[in-house]
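These notes concern the structure reproduced below.
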Protein chains: 2
Amino acid sequence: MQLSQIDERYRAPAPETGGYVFNQTMLRVKDPEVSVAFYRDVMGMQLVKAIPFEAFAFTLYFMGYIDGPEAYPATEGDRFVHAFGQPAMLELTHNWGTESQQGAVYHDGNAAPQGFGHIGFCVPDVDAACARFEGLGVEFVKRPGDGKMKGIAFIKDPDGYWIEILSSRDIAQVVASVG
Amino acid sequence: MQLSQIDERYRAPAPETGGYVFNQTMLRVKDPEVSVAFYRDVMGMQLVKAIPFEAFAFTLYFMGYIDGPEAYPATEGDRFVHAFGQPAMLELTHNWGTESQQGAVYHDGNAAPQGFGHIGFCVPDVDAACARFEGLGVEFVKRPGDGKMKGIAFIKDPDGYWIEILSSRDIAQVVASVG
């Protein structure tokens, strides 16, 4: 069934947009050593490219999921094409010097003024993932058993950005349960 | 070459994170009719699932790139699994009633207080894409020829969120040009 048969809003996009890829989501981070370690060791992403910009005094860290050794391009040029051509990269921006500031530097978007809300990760097993996060000392906004929407969790990254943890297998039931 | 041979920060993630997918980026939107039309007709995404939550007075609109008719699941349950299991979905949250407010409702993250910066799309040809955006009346933050970083552009979505437009083929040259 074509989704466009269900509702006008679902109709297919213009053919001129062929080849467009939703490549990146950019979040500013206070300390890249901490954030790169978090997204690698807790969330399982890999640092694909770190790009310093001397002229602007910032460095961009591109992280994503990479399947298999063949996805690790051997040349610098190929790593660029890979990082910027694939979907679902996380771009962490480090404005030099923020790491030595006291306390939180950035706004998570959920307190006022609101805007951006969260990034979200599908995992094979929400409870197993959250038990592992607990063991790693990750801060929770909402555990899977908390609140009305059982079965999904929200954790915080080192800057306080919210990360939803969900399972695609279970999400229909989660949604149905809150009506 | 393994990236982990280049730098400690590039080392492989823990095997316990196998199967994790960076599924979604959530942005609050003032008017979903306007935003769904923008991401569909301008950016070429498709609305995969619209999920109203009566109990919370909001609706979530999940949009993404869908390749081929076989990717349009026939059953409601399969559409859930698809929407929440694939990378690079955009989750637009509509808190009911915001569409009748005057002016901008949400904060783009680039004015103070900063945090989230932008989402970014790879396109086959930045100039061609931007010429099309101009014709569609899209607002620009930066045209490809503006500023020091030639060859990339930033446009605004209907809520003012920034969208980077880049080509993976050209990005290494863009970066090299600013040193």
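Since this is a predicted model, take the numbers as computed values, not measurements. Reckoned from all heavy atoms, side chains included, excluding hydrogens, waters and symmetry mates. The chains referred to below are lettered A, B, ... by the order of the sequence lines, with proteins before strands, and numbering in each begins at 1.
Grouping the Ile, Leu, Val, Met, Phe, Trp and Tyr side chains by contacts below 4.5 angstrom, directly or via other members, places Val81(A) apart from Val126(B). Under a hydrophobic clustering in which Ile, Leu, Val, Met, Phe, Trp and Tyr are joined whenever their side-chain heavy atoms come within less than 4.5 Å, directly or via other members, Val34(B) and Phe38(B) fall into different clusters. The hydrophobic clustering, which links ILVMFWY residues whose side-chain heavy atoms are closer than 4.5 Å, places Val178(B) and Trp96(A) apart. Both Val36(A) and Leu136(A) are assigned to one and the same hydrophobic cluster, defined by single-linkage of ILVMFWY side chains at heavy-atom distances under 4.5 Å.
The candidate from Met149(A), Gln173(A), Met63(A), Gln86(A) with the greatest count of non-hydrogen atom pairs under 4.5 Å with chain B is Met149(A). Ranked by non-hydrogen atom pairs under 4.5 Å with chain A, the options Pro87(B), Ala172(B), Gly64(B), Gly19(B) are led by Ala172(B). Counting heavy-atom pairs under 4.5 Å between each of Asn110(B), Leu60(B), Asp108(B), Ile51(B) and chain A puts Asn110(B) at the top. Of the residues considered (Phe121(A), Tyr39(A), Tyr61(A)), Phe121(A) shows the highest number of contacts with chain B, using heavy-atom pairs under 4.5 Å. Between chain B and the residues Lys148(A), Met43(A), Met45(A), the largest count of heavy-atom pairs under 4.5 Å involves Met43(A). For the set Ala88(A), Ala50(A), Ala83(A), the count of heavy-atom pairs under 4.5 angstrom toward chain B peaks at Ala88(A). Interface summary for chain A: among Gly85(B), Pro32(B), Ala14(B), Pro113(B), the most heavy-atom pairs under 4.5 angstrom belong to Pro113(B). Chain A forms more heavy-atom pairs under 4.5 Å with one residue of Asp170(B), Leu90(B), Ile165(B) than with any other, namely Leu90(B).
Heavy-atom minimum distance, Phe22(B) versus Met89(A): CE2-O, 3.7 Å. The minimum heavy-atom distance linking Cys122(A) with Asn23(B) is given by the pair N-CB, 4.0 Å. Residues Arg28(A) and Gly115(B) share a closest heavy-atom pair of NH1-O, 3.0 Å. Nearest approach of Pro124(B) to Gly18(A), heavy atoms of both residues: CG-O, 3.5 Å. Closest heavy-atom contact between Pro13(A) and Gly44(B): CG-O, 3.2 Å.
Looking at Ile163(A), there are no atoms closer than 4.5 Å to chain B (heavy atoms on both sides), in backbone or side chain. The part of Glu164(B) that comes within reach of chain A is its side chain, from C-beta onward, which places non-hydrogen atoms under 4.5 angstrom from that chain. Residue Val29(B): no heavy atom, backbone or side chain, is found under 4.5 Å from chain A. With a 4.5 angstrom heavy-atom cutoff, Ala128(B) does not touch chain A via any of its atoms. For a residue to count as touching a neighbouring chain, one of its non-hydrogen atoms must lie under 4.5 Å from one of that chain's; by this rule Arg132(B) touches chain A with the side chain only. Only the side chain of Tyr161(B) comes within contact range of chain A, judged by heavy atoms closer than 4.5 Å. Residue Ala37(A) does not touch chain B at all, counting heavy-atom pairs closer than 4.5 Å. For Leu166(B), the part lying near chain A is the side chain, with the backbone staying farther off; criterion is any non-hydrogen pair under 4.5 Å. For chain B, the nearby part of Phe56(A) is the side chain; its heavy atoms alone come within less than 4.5 Å. Neither the backbone nor the side chain of Ala112(B) comes within contact range of chain A, judged by heavy atoms closer than 4.5 Å. Only the side chain of Glu91(B) comes within less than 4.5 Å of a heavy atom of chain A; its backbone N, CA, C and O stay farther away. Of the two parts of Glu33(A), only the side chain, counted from C-beta on, holds a non-hydrogen atom closer than 4.5 Å to a non-hydrogen atom of chain B.
To the nearest 0.5 angstrom, Thr17(A) atom OG1 is 8.5 Å from Gln46(B) atom CD. Within the model, atoms OG1 of Thr25(B) and CD of Gln24(A) stand 10.5 Å from one another, a figure rounded to the nearest 0.5 Å. Interatomic distance, Thr93(B) OG1 to Phe116(A) CZ, rounded to the nearest 0.5 Å: 11.0 Å. For the atom pair Asp41(B) CG and Glu16(A) CD, the distance stands at 10.5 Å (nearest 0.5 Å).
Put simply, the side chain of Gln114(A) reaches to within 4.5 Å of the side chain of Tyr106(B), judged on heavy atoms. Between Val123(B) and Tyr20(A) there is a side-chain heavy-atom pair separated by less than 4.5 Å. Here the side chains of Arg169(A) and Phe84(B) are not in contact, with every heavy-atom distance at 4.5 Å or above. Looking at Trp162(A) and Met26(B), their side chains never come closer than 4.5 Å, going by heavy atoms from C-beta outward. In this structure, Tyr65(A) and Val21(B) have side chains that are not in contact, with every pair of non-hydrogen atoms separated by 4.5 Å or more.
Counting non-hydrogen atoms of neighbouring residues, nucleotides and ligands closer than 6.0 angstrom, the CD atom of Glu134(A) exceeds 12 such neighbours.
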